[in-house]
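Accompanying notes for the structure given below.
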Amino acid sequence: MWQGNVTERKAGPPEVGVSVIIFALAHSHDKHDGKAEHDELWIPLVRRVREPFKGKWALPGGDLLAGRSLEWSAYEALESTTNLRPRYLEQLYTFGDPHRSGSALPMVSIVYWALIGSAQVDDLRDGDNVQWFAESALPELAFDHADIIKYALDRLRSKMSYPDVASKLVGPRFTLRRLHDVYEAIAGRTFDLGNFRRKMLASGQLEDTGEKLAEGRHRPAAVYRYVPGVVAVGNEIWKPWDTQLNPKSESSFTAFNGSGTGDDVLSPLTTE
């Protein structure tokens with residue numbers, strides 16, 4: 001470990017740690033926010049108890065553990081703060097801007113992430129110094145964690161056209177209304193239901209199972225499933241939101257994961 005006074009340590013190598021983002025898809029009523037029921041993405045944050053940024057909210061994280069892998073260090077950091085135990089964490093990106101810690105010591109964060117589908121909404125429990133926040137109502141965050149969350153959201157939104165990702169959120173069989181609601185939750189904005197239906201059916205990704213499902217007061221709706229191996233292409237169909245990915249960061253992420261093709265569909269990202 002680097003020794004010396006504060007000035008010397010600021011000029012030395014950065015500290016290296018892990019941070020974790022968990023996106024949970026849940027109905028708003030699960031967190032009692034008083035709004036009409038709708039799906040949203042929720043994120044657990046931890047209130048910092050020491051400087052820098054004492055009292056501010058931050059992503060769960062911790063130091064690297066001796067004799068443990070990066071993945072295990074990330075898992076331990078998440079479990080110790082939120083009591084969540086996802087079966088898989090995927091490395092998202094490494095953030096190391098020299099000014100990301102403000103006037104404090106330089107640090108590098110290796111960020112891991114995962115996605116929790118609606119089946120795990122009961123896990124969204126606040127704890128000591130831990131609170132779940134809707135993605136649309138995040139508090140002021142420490143470090144560059146707001147940028148990290150935005151980067152992760154852009155990655156998720158850019159992959160929602162892949163059946164392996166979308167089906168993890170809606171299940172193997174679903175109505176178009178349910179799929180529409182999930183897309184709205186991930187995008188953080190509303191889409192015209194009629195236009196969404198037409199684009200989905202024209203994409204060639206879906207097939208009618210022949211089943212019907214009653215949804216509230218609506219008449220029974222057709223149940224669909226994804227056609228294996230079919231991925232819709234073309235911004236006019238599957239970019240209903242405006243992503244602002246940094247091309248350099250996108251390229252670096254793909255290369256880091258070893259695919260080199262941009263076809264990393266993130267299917268292991270979702271916990272079940």
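Along the sequence shown, residues are numbered consecutively beginning with 1.
- Remark: Arg85 engages Glu79 in a salt bridge (Lys or Arg N to Asp or Glu O under 4.0 Å) (not counting sequence neighbours).
- Residue pairs meeting the salt bridge (charged side-chain N to carboxylate O under 4.0 Å, His left out) criterion with at least one partner in residues 136-145, sequence neighbours excluded, are Lys56-Glu140, Arg100-Asp144.
- Judged as a side chain to side chain donor-acceptor pair (under 3.5 Å), and not counting sequence neighbours, the contacts of Thr175 are Glu215.
- Residues passing the side chain to side chain contact (heavy atoms under 4.5 Å, CB included) test with Ala166, sequence neighbours excluded: Met160, Tyr226.
- Checked against side chain to side chain contact (heavy atoms under 4.5 Å, CB included), Glu207 has the following partners two or more places apart in sequence or in another chain: Arg225, Val227.
- In the hydrophobic clustering, Val130 connects to Val46, either directly or through intervening members, whenever side-chain heavy atoms lie under 4.5 Å apart.
- Remark: Ala185 pairs with Leu25, Asp39 by the side chain to side chain contact (heavy atoms under 4.5 Å, CB included) rule, at least two apart or across chains.
- Residues passing the salt bridge (Lys or Arg N to Asp or Glu O under 4.0 Å) test with Arg173, sequence neighbours excluded: Glu211.
- Applying the side chain to side chain donor-acceptor pair (under 3.5 Å) criterion to Arg198, with sequence neighbours excluded, gives Asn195.
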Could you walk me through whether Tyr183 and Phe191 satisfy the ring-ring contact (aromatic ring centres under 6.0 Å, His included) test, starting with their C-alpha distance in whole Å, then the side-chain angles of each, then the deciding distance to 0.1 Å, before giving a yes or no? CA-CA 8 Å; Tyr183 264 76; Phe191 304 128; 7.2 Å; no
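- In the hydrophobic clustering, Val223 connects to Leu213, either directly or through intervening members, whenever side-chain heavy atoms lie under 4.5 Å apart.
- Aromatic ring pairs are classed by plane angle as parallel below 30°, tilted from 30° to 60° and perpendicular above 60°; the pair Phe95 and Tyr93 is perpendicular.
- Residues that satisfy the side chain to side chain contact (heavy atoms under 4.5 Å, CB included) test with Pro220, not counting sequence neighbours, are Lys212.
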